[in-house]
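The next block holds one structure in the form of structure tokens; read it before the comments.
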Amino acid sequence: MSIRSCGRTHCLPGAVLPDCRVRQTRLEAVPGTLLIPLAARAYGAQLYPWLECADTQARHLLDCLGVDCAPLLQDRVAVLNVLWRTRVIKAWAEAFFQQYPAATGVALGCGLSHYFQWLDNGANRWIDADLPEVCALRAALLPPARDRRINAEVDLSRPGWWDTLRLPAFDAETPLFLICEGVLMYLPPAQAQAIVAEYAAHAPPGSVFVLDAISHLGVGQARHSLSVGPTGAEFRWGLRQTDELLAVHPRLRLAESRSVSECYGWMGWAAEMLCMPWFGAPLYSLVALTVGPR
Ligand SMILES: C[S@@+](CC[C@H](N)C(=O)[O-])C[C@H]1O[C@@H](n2cnc3c(N)ncnc32)[C@H](O)[C@@H]1O
């Protein structure tokens with residue numbers, strides 16, 4: 001099998017298959033989950049045309065990696081969740097950068113997502129941060145561009161990631177916009193909360209931290225997911241109540257929360273309302289946390 005040369009480092013003549021190192025990449029369980037949102041953004045609009053996100057890169061990246069997307073697209077729930085969250089996060093980020101055009105955005109556990117393709121306004125900056133093995137892939141597939149988007153290695157499970165990424169201190173004038181999507185549910189609860197707490201302790205006032213969360217009922221249930229199950233990753237953290245995040249640090253404020261049930265119309269809303277006493281939190285939701293002054 002061969003791939004087209006795209007002119008990028010890994011595809012330059014002589015580096016093309018059969019010994020293209022990009023295509024030989026094998027990721028561990030949790031980093032391997034990055035293919036799920038990538039496939040959804042590349043092809044998911046075939047299933048949900050109204051959620052088309054116009055990701056100009058995703059198909060090409062999947063081609064380079066030689067991924068067969070068909071099994072991933074069978075998980076229609078995951079595809080819907082990804083396309084819905086991408087749309088909501090884009091809208092939140094656009095509103096943020098309208099208010100703070102020269103601010104910095106950060107994608108924590110970015111995988112092969114590429115939000116800057118939509119959010120670049122000519123003045124803002126963007127940091128895509130992930131584990132070293134994922135950054136190595138990004139270096140080949142999505143190298144830094146125009147000095148305003150960089151890739152950065154980080155292990156979010158280790159305290160100190162804020163300083164590792166050299167993010168501005170809490171007394172900086174301009175707030176930050178941070179995304180942590182498809183990441184926290186794979187971490188032990190204490191680590192997920194520590195990441196939110198580190199944001200709250202360091203971020204300049206007015207910053208926004210967007211995370212997605214599953215219900216606590218999903219914890220330990222990854223084997224039932226058509227897309228996550230085969231990767232060997234497990235769901236380890238979920239919400240019992242959306243408000244519980246605010247208890248992680250006194251500076252945290254709930255800016256907004258949304259449930260994917262909105263994609264299912266009034267029946268989804270009604271079913272969620274009926275089940276809330278047992279579920280406590282939506283089955284899948286997006287939460288935007290901001291921080292007040294210290
Ligand atoms: C499901 S993927 C989501 C990727 C991306 N956010 C998206 O929506 O396309 C999970 C990502 O979290 C990253 N991740 C998991 N644990 C991490 C850690 N401790 N530090 C940094 N990144 C981590 C993985 O490497 C992987 O890229």
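Note that the structure is predicted; figures quoted are calculated from it, not measured. Both counts, for ligands and for their atoms, begin at 1 and track the order of listing.
- Between Lys90 and Glu94, no side-chain nitrogen of the basic residue sits less than 4.0 Å from a carboxylate oxygen of the acidic one, so the salt-bridge criterion is not met.
- A salt bridge is defined here as a Lys NZ or Arg NE, NH1 or NH2 lying under 4.0 Å from an Asp or Glu carboxylate O, and Arg148 with Asp120 meets this definition.
- Aromatic pair Tyr48/Trp50: ring centres closer than 6.0 Å.
- Using cut-offs of 30° and 60° on the angle between ring planes, the pair Trp126 and Tyr115 is parallel.
- Under a cut-off of 6.0 angstrom, the local environment of CE in Met273 is crowded, with over 12 non-hydrogen atoms contributed by other residues, nucleotides or ligands.
- When heavy-atom distances to ligand 1 are checked against 4.0 Å, the residues falling inside are Val30, Pro31, Thr33, Leu34, Pro37, Arg41, Arg85, Gly109, Cys110, Gly111, Ser113, Asp130, Leu131, Val134, Val154, Asp155, Leu156, Ser157, Glu181, Gly182, Val183, ordered by chain and number.
- Judged as a salt bridge (charged side-chain N to carboxylate O under 4.0 Å, His left out), the pairs with a partner in residues 76-88 (not counting sequence neighbours) are, in order, Arg85-Glu181, Arg85-Asp212.
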